[in-house]
Amino acid sequence: MSSESSSPASTQAQGDKPSYKQTLNLPKTAFPMRANLVQNEPASMKRWDGMRLYDTLRQLSADERRDLWSFHDGPPYANGSIHLGHLLNKVLKDFVVRTRTMQGLDVPYVPGWDCHGLPIEHKVMTELVESGKAAKLDTLSDDDRRMAVRRECRKYAEKFIKLQTGQMRQLLTVADYDHPYLTMQPEYEAATLEVFANLVEHGLVYRALKPVHWSIANQTALAEAELEYYDRQDLSVYVWFEVEDVAALLKAFGLAGKDPKEFADLKPSLMIWTTTPWTLPANLAVAVHPRYEYVLAMMGGRPTVIAAELYAKVKSLREKSSAHGAAELGRCKGADLLGLTYRHPFCNRVSPVVSAEYVTLEDGTGLVHTAPGHGAEDFQTGHANGLDIYCPVRADGTYDDTVPDWLRGMDIWKANEVIAKRLEDDGAMYFSHTFTHSYPHDWRGKTPVIFRATEQWFAAVDKPRAGDLDLRTLALDQTRDDVKFYPEWGRNRMRGMLESRPDWCLSRQRAWGLPIPAFFDADGNYLLTRRTVMCVAEKVRVKGSDAWFTMSPAQLLEGYDAASDPDAPDSFKAQAWQSVGPESLRKSSDIFDVWFESGCSWHAVMDQRGQADLANGKPVELYLEGSDQHRGWFQVSLLTALGATGRAPFKALLTHGFTVDKDGKKMSKSLGNTIEVEDLLKKYGADVCRWWVASINFEGDIKVDYSLFDVAGESYRKVRNTLRFLLSNLDDYTPLDQRETMPGASLDAWVLGEYNRVSQEVRAAYDRYDFRAAHSTLYDFCNDTLSAVYLAATKDRLYCDRPDSMRRRRTQRAMWELCDGLCRLLAPILPHTADEAYRSLWKVDAKDTSRCVQLTTYLDAIDVSADAAWTKVMAAREASQQTLEAARAAQVIENPLDAEVHVQDADGALAAFATRFADATGDSFEAEFADLLGVSRVKFVGPGAARVVALADEPRCERSWKRDGTVKQRSDGGWLTDRDAQAVGVA
RNA sequence: GGGCUUGUAGCUCAGUUGGUCAGAGCGCACCGCUGAUAACGGUGAGGUCGGAGGUUCGAAUCCUCCCAGGCCCA
């Protein structure tokens, strides 16, 4: 308009351009648009540390007598840097702690580490070997050597605990990092022994043979991780085991017509195959697969039982003729062979055919030589069939005296040939040849390893606990009825694992761990009672488990008297022993399986620190770990607690899935698809990483890719900008102590009502650990309800109204509540950003620690009652947006402020509401609706009359850019609406 | 090989007990704003719900099998 350039207003403004800009209340805030998380999060951390946030929360809880809500951290292994799984796990735990804390509960969180165990010891031993120190250690006494290794292991664990603590703190987790629990702490070790003492008392601990990997060269047991596989030449033998009960054999193959006596002269036999002939003296059974098919066929002149599928293959090893079929006498299923018996080819005994599912048809004969003392599967089969765990091989790799005399004292490797020769001579060898295969070797000595049964300590799963049910039944009962599972399918999964788990082998033959406090006398009898364990526990509580290695049996048992211990074996009570005393005892050299230690944390941490009291029926509220812990920590914790107290240590179990790459594949260093936590933190900052965690469905596999963090970053920025916009419009606002009530007809009441609903939804989602739902509800609220609707609609009044107009102040009050409430709802997920915004809201400076969102609780519901008509208003708004968009597409208008929209008000509800609105607020509802659409004017019209009218010909307010029909030239020469004229103070 | 589990638009996910359940957000495309501006607003296109059978009047939703993943065992 030509008149604009000549108006006084324009000349009063700067230079030649007309402007009312400096008369507006434009947004202003110190809260930056760009978060700069990587740079700014450390400052938040420092501030929280300075105010001792964790301790302050505990103090606050004590002062306010908050209810305790106990949460228990499962200990990660003190080895290496934290990985994505840790990030996910620790952040989820932090969500739980923070959401419950903001609810007004007392939620202490003690982080822990699993410190003992093979991975560390192995790593330390490797370093000692490489540096040449290991050889020196081997010259020391057993106790001294172990102590030396243990010292190195402790240093190693401490180093990584420190490293991981720093990394976990970078994730902005709130925890008692000054007082973590470590499974190698004396008080933890002592408490572990206390639990063990209870298990011993309840008769659940026993000693039995079990095959382990054994290094003959070092006379020590080895773990899987200590094996290295190299090629080795061995003798592969196919051996006949002559059937004892020929009649039963004939019956199994449906050959009842044959005469057993006559048939027996043909020496009908089972054909087995093995690559370790030296284990044959320990053979106690032959295993078949119950569903496979077996044939009885002539091989090498004997009626031979062999898997149907392997018959031709094995027969061709020795017999070149192709007419195999003619030699077949009968067929049956493996199940039909069960219970048959055979004579050992050179030991004087008869053994049975048993069933085993692991029998395969890839190699051998389908009939598996089973030596329960010399193989893991053999052991299980032996157990299942009540066989002895027979192991005639001594620690030095020679046979003991239970084998035939021609083998006694012989080295097992030499025995391979001797046994083969004997089988040949006796006509029991069908075929043999040397072949090369991959075979496990000792990582240190590079010598071949064998499976050898050794005495181990076990916890019985099926034995009745004194005066009670057995652990398996107890565990199944409690996981069926008493424990909650998130997600629910965890129940089924864990119960399935409980149903099939074998007895728990508690012992390991290592140095870096908690010793099993058993004593042996010269005859091999052991002393292990509740009292002896408690006696040792006292020493351990003072000196740590090193005491076991530095103290003598007499010192360790000081204060213990076998004679008065009702549980002590008679041999230890006997007069003769009493005169010799504990000094004559030998200390056990076994340590506990590390799972036993971590499985005792409910007592060692939660009981001891007063956060739970299982014996008196106060278990922990929640354990939260990856779903692998259904078999791991959850299960071992359950078993130790049931064994010691009869009760489950937790009320609920929450599991998350595992991180996979963007294609859903497992992450591994060898595939090169791993992503480092350090890199994510450096690139995105903790709050964005946490925002990402909150966005995922953690129950299943979790895809991880940088692009997903980019998305999380974008989404974070939207929320941040909403907070920023709220803050920037509150710059000139101070909340009044007394809250006025919002007129229910006002838009502000509507948005606060929406906030109340969202707040309730978010808190309910937090309650059920549905962080994803909370995340998306918060996100949608910021974007949709606030950014697109409320903030867009109120911009005009905030900028253009008189600063202290009632309408503007009312909106500012609503915005204050929104900002305050949002900060608190966001705080569990975005601790840094929420606190940054919260502090900005209160305008406290960097050093000021008087305000901290983490010390608040969620805002109570705001006392408003929005007019029910707002639902219709918002629907009409959406419909009108379509009308507007169509007009824009038809080029009726470009800028919405050039438009008057005729809004369809079919039932007159809007018009009716307009009256209530005007009465309550003193403002025009048409103008309010125009703001909701971002247009200049609105009219309510009847059905079918919705349209857009262009207002380009009407004068435009130079201040608010509206064409609301009141624009005219004012006393200062500017063209203004009535409202703007009043705001500027011109007539 | 077994137990549990996952597979819905390019991406992340909603879809209670089978019947407007084919949805949301991001991304993308187009438009607007330029007084939230390394921002903001509006509109739109996109999927035979891993595959194949089956039950049913009707299935993403129940059953069977298969394919591709994950955890734990063997």
Side-chain angles (χ1 to χ4, degrees), chain A residues 19-29 31-34 85 289 291 356-360 376-377 380 487 489-502 626-632 635 655-667 692 695-697 699-705 707-715 717-718 720-729 770 772-773 775-777 779-780 783-784 786-789 791-793 795-796 798-800 878 880-889 891 893-899 933-934 959-961:
Chain A
S19 172
Y20 283 100
K21 191 159 178 172
Q22 58 272 63
T23 70
L24 296 170
N25 324 301
L26 290 182
K28 184 184 164 197
T29 178
F31 186 84
M33 179 177 281
R34 294 186 42 89
H289 196 294
R291 291 187 299 280
E357 299 275 341
Y358 56 78
V359 173
T360 71
E377 290 174 331
Q380 283 188 349
W489 52 255
R491 185 186 310 281
N492 212 356
R493 177 175 157 91
M494 188 165 173
R495 297 186 84 242
M497 289 169 170
L498 284 165
E499 276 165 10
S500 63
R501 81 135 23 247
S627 59
D628 56 337
Q629 303 304 341
H630 281 130
R631 188 176 190 86
Q635 189 174 127
T655 52
H656 56 76
F658 283 73
T659 54
V660 293
D661 72 7
K662 63 180 190 308
D663 301 318
K665 296 274 169 60
K666 174 197 192 118
M667 289 186 152
W692 168 77
S695 77
I696 58 173
N697 176 4
E699 293 179 4
D701 301 341
I702 296 137
K703 286 189 186 175
V704 184
D705 187 55
S707 64
L708 303 175
F709 286 79
D710 289 338
V711 170
E714 285 294 316
S715 145
R717 245 161 272 152
K718 299 272 272 181
R720 182 180 180 85
N721 247 314
T722 302
L723 289 172
R724 178 169 182 266
F725 190 69
L726 288 170
L727 291 167
S728 67
N729 282 295
D770 191 350
R772 215 198 102 69
H775 169 276
S776 76
T777 301
Y779 179 77
D780 289 348
N783 273 294
D784 204 30
L786 294 185
S787 192
V789 181
L791 300 181
K795 259 157 105 168
D796 170 77
L798 289 165
Y799 296 176
C800 303
E878 288 206 23
S880 300
Q881 262 169 346
Q882 304 272 344
T883 314
L884 199 56
E885 184 62 24
R888 214 173 343 201
Q891 296 187 317
I893 52 144
E894 280 185 1
N895 189 331
L897 282 175
D898 296 338
L933 287 176
R959 189 164 175 272
S960 68
W961 304 333

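Since the model is a prediction, treat every value here as computed from it, not as a measurement. Keep in mind that the numbers below use all heavy atoms, side chains included, and drop hydrogens, waters and symmetry copies. Chain letters run A, B, ... following the sequence lines, proteins first and then strands; every chain starts at 1.
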Between [M] and [N] - [atom1] atom distance, rounded Å:
N	M	atom1	value
B:U8	B:G15	P	14 Å
B:C65	B:A22	P	29 Å
B:A60	B:G41	P	36 Å
B:U56	B:C63	C1'	12 Å
B:U5	B:U64	P	12 Å
B:G54	B:G18	C1'	15 Å
B:G53	B:A74	P	39 Å
B:G58	B:C11	P	33 Å

What is the nucleic acid contact for [X], judged by heavy atoms within less than 4.0 Å: base, sugar-phosphate only, or nothing?
X	result
A:P896	sugar-phosphate
A:G664	sugar-phosphate
A:A788	sugar-phosphate
A:R291	nothing
A:L708	sugar-phosphate

Think [X] has a side-chain N or O under 4.0 angstrom from the OP1 or OP2 of [N]?
X	N	result
A:N895	B:C31	no
A:K665	B:A68	no
A:S787	B:G41	yes
A:K666	B:G69	no
A:R724	B:U37	yes
A:K795	B:G35	no

Listed nucleotide nearest any side-chain atom of [X], set [options]:
X	options	result
A:W961	B:G41, B:U34, B:U37	B:U34
A:V660	B:G41, B:G70, B:A74	B:G70
A:P27	B:A36, B:A74, B:G32	B:A36

(message) Apply the syn/anti split at 90° from 0 to B:G53 and say which one it is.
(response)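 What B:G53 shows is an anti base, its glycosidic angle lying more than 90° from 0.
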(request) Flag yes if more than 12 heavy atoms outside A:Q881 fall under 6.0 Å of its CD atom; otherwise flag no. (result)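 Counting neighbours around CD of A:Q881, more than 12 heavy atoms of other residues, nucleotides or ligands fall under 6.0 Å, so yes.
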(message) Could you work out, with salt bridge (charged side-chain N to carboxylate O under 4.0 Å, His left out) as the rule, every residue matching A:E357, not counting sequence neighbours?
(response)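 Partners of A:E357 under the salt bridge (charged side-chain N to carboxylate O under 4.0 Å, His left out) test: A:R291.
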(message) My understanding is that only residues two or more places apart in sequence, or in another chain, count here; which of them pass salt bridge (charged side-chain N to carboxylate O under 4.0 Å, His left out) with A:D898?
(response)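 A:D898 satisfies salt bridge (charged side-chain N to carboxylate O under 4.0 Å, His left out) with A:R963 once adjacent residues are dropped.
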(request) Confirm from the modelled atom types if A:R493 and B:C4 form a donor-acceptor pair under 3.5 Å, side chain to base only. (result)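 Yes.
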(request) Going 5' to 3' through nucleotides 20-27 of chain B, assign each nucleotide B (protein heavy atom under 4.0 Å from a base atom), S (under 4.0 Å only from sugar-phosphate atoms) or - (no protein heavy atom that close). (result) -----SS-
(request) Using whole Å, report how far CG of A:N697 lies from C1' of B:G70. (result)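 Taking atom C1' of B:G70 as the reference, CG of A:N697 is at 14 Å.
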